[in-house]
Chemist: 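If you scroll down you'll find the structure; I have some questions about it.
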Amino acid sequence: MKINVGIDLGTTNSVVATFNRAKGVVEILKNDLEKSCTPSVVCIENGIVTIGEEAKNMQAAGNLNTAAFYKSMMGEKDYTVFIDGKEYTPEDLSTEFLRALKANVEQTNNVQIEGAVITVPAYFTEAQKTATIRAGKRAGFEVLKIIHEPTAAIIAYGLTGSGKKNVMVYDLGGGTFDVTIAEVDGSKVVPIATNGNHNLGGKNWDSAIRKELIQRFLDEFGINIENHPEEYKMLQVKCEDVKKRLTSLSSTDVTVQCEGYSGKYEITRELFEMQTYNLLCETNLLIEKCFSEIGNGFGWHSLDEVVLVGGSTRMPQVKEMIQREYGKSPVTKNIDVDTIVAAGAAMQAQLCTDDVLVLGGATGEVPPVSLRGSPASRSGGLVIRGSDIQDITAHSLGMLALTSDGKNYVNSIIIPKNSKLNQRFGKRYTFSGTTLEVYVLQGESKDPYDCALLYKYIISGMPEGQKNEFSVNFLYNSNGVVEVEAELDDGRSLKAEQLPVTESLSEIISRLEKEREEAKKATKDIEIIFMLDTSGSMSGDPMTQAKRALRDFIEGLDLKRMKVAILDFAESTRWMCHFTDSERELSNAIDRFTVGGPCGIGTSAKPLSTHGNDFNSKKASKVIVVLTDGEWFDQPAEVKTAITLKSNGVIIYAVGFGKADEKFLSQIASEKGSRKIDLSKLSSTFKEIASSIATEI
Ligand SMILES: Nc1ncnc2c1ncn2[C@@H]1O[C@H](COP(=O)(O)OP(=O)(O)OP(=O)(O)O)[C@@H](O)[C@H]1O
Ligand SMILES: [Mg+2]
């Protein structure tokens, strides 16, 4: 029989389950040892792969060709283990494990497995997720979907068909910790916050015992077991056993052997709990982080149910901590902490094929799926649709961007963490080039060095020789994996090609810096003469407003590319400052403006004719900005000069208010460069001119 399955690919144990459509229940597919859980241990000897209990026994016997806990290193390019004369990455080991698990389960249950939904910790990063997908495919599965372990647990546990509740899943497995808070409404699951640590799990609790025993053995015999790989492997397995015993006993004895010496030590639960208290606190901190991310005073009191998932939640200290913080007991009824994640994955696999799932089996037939007294369960048939199950991302997604002052590269976040999957988030660009380099970063920090550099995309296909308006869209698809695409404002899509990242982040940043410097050198500088009318009518409020507007104008300019000169004109003209890129000098010049100063109070000056050609550099683009509030004595002469200036490439903006002559302004200004405005619009108008100089020249 051909079937689809859900696989909980755990750090320590893996579980395979399938949804029996006819009965409407989840069935756990046991291995050849009649066990639901298969230890995620791999042994490879002479090319023969052994997994599960048998491999774990080999590990316990100190066999160096065994590998365990490789899930914790998933996606790490440079991490490999050397077994059976070959280097294996965690992805390779997962592939070998999954392939052998598939064969074992198929044979034992007389089925043929085709599609699989594989679960991953919610806190897995992009690299870890894509490595898991690849491992599934290489092992011979059609990977239907990747889903988060806590979400899978909620699917299997929380759907009752009626009522709204906030559920927290606390999933402490062998190598990872995940906490997810979800709103469950009838058959709908909507996670609202998730956090985790993919290097915090039962193995860290084992390590605490291992450290203690290594120290005691060293103290007694002067031998460091860490220098004995076989004994060290054996000790690793032993410590897990000690930890498990301490779940029901208050103390236990353990014998440690190395180099023919043997030591017997007592470990008490009290000591164990003391030495692992910081690990427990770490899980609590991540819960608090979820609360603060949800905001609005969300806290323990807001939770209707707390569900414990994962083998490590059997430790009494976990339940005690939850009880202490929550004030109530976590839900334990109808929950099998070992198989619930696989059960949810199996249900998701069913949703992937038929988009609908009818839970209708007898209650209690399969422990992980509970239909606790809901109306739907009584009538035998809670219907769940694919769209009922949503999920969120545990990591923000951003891109490498330059701050607007041009000083720093930052991670500009496009998709904040805890956003729903399958939602498009865009970033708009106005750009005159034809290709754009986009670097995708994953992480919460503004500092790109604190984030993971995921992908390099080259966006191309923009029409040449024009300014293009387009957006680059980011998406976490239903697997929680990143997709990037781009389209022009008119809806035409652009090519978004993903290229391998061959440089480190610091190499990329220094290359971009260099390219920017070179581009700056290649771009023409801009020289601007600002001509300000200081004739009598400007006294009082107009001058105050003009000064403010001039300051705003200067602030809006990129002075790295520009030099500004300021001219005072009334009956005569006077340079308040000559071409400078010093903000301070410009500010001092603006301060010194007065009405009725050395230039008098009349309007007989001809600023354009007198100084319209006084630019410094032949190479620079030339811009004149005029501000006036009245008619000039010899306007026709100025119009004539302006026409010559414009034909020589000078761009003129002419802004007037009060009694300024609108027609004259339009005659001296370049196309679209004149504005007759109200005094109150002065600042915004000059900001607008500054930005059009920056972007259009
Ligand atoms: N009785 C017990 N007391 C304490 N710890 C236990 C007990 N039983 C199992 N564990 C621990 O639970 C962990 C395994 O849990 P589980 O099978 O849920 O993890 P996993 O799914 O393999 O890992 P992960 O979800 O982190 O990838 C191991 O560290 C194991 O030692
Ligand atoms: Mg697990």
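Just so you know, residue 1 is the first one in the sequence shown, and it goes up from there. Just follow the structure's listing: the first ligand is 1, and inside any ligand the first atom is 1.
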Chemist: Quick test of your reading of the model: are Asp92 and Lys86 salt-bridged, counting only N-O distances below 4.0 Å?
Modeler: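 The answer is no: the pair does not qualify as a salt bridge.
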Chemist: Is the NZ or CZ atom of Lys243 positioned over Phe272's six-membered ring, under 6.0 angstrom from the centre and within 45° of the axis?
Modeler: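 Cation-pi check for Lys243 and Phe272: fails.
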Chemist: Looking at Glu126 and Val482, would you say the former's side chain and the latter's main chain have a donor-acceptor pair under 3.5 Å?
Modeler: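 Checking the backbone N and O of Val482 against the side chain of Glu126, a donor-acceptor pair under 3.5 Å is found.
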Chemist: Can you tell whether the side chains of Glu444 and Lys417 come within less than 4.0 Å, N to carboxylate O?
Modeler: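 A salt bridge is absent here (no side-chain N lies under 4.0 Å from a carboxylate O).
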Chemist: So, for Phe177 and Tyr170, is the gap between ring centers shorter than 6.0 Å?
Modeler: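 Ring-ring flag for Phe177/Tyr170: true, centres closer than 6.0 Å.
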Chemist: Tell me which residues fall inside the under-4.0 Å heavy-atom shell around ligand 1.
Modeler: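 Under the 4.0 Å cut-off, ligand 1 touches Gly10, Thr11, Thr12, Asn13, Lys71, Glu149, Gly173, Gly174, Gly175, Thr176, Gly202, Glu240, Lys243, Lys244, Thr247, Gly310, Gly311, Ser312, Arg314, Met315.
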Chemist: Tell me whether the centres of the aromatic rings in Tyr123 and His395 are closer together than 6.0 Å.
Modeler: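 That pair passes the under 6.0 Å test.
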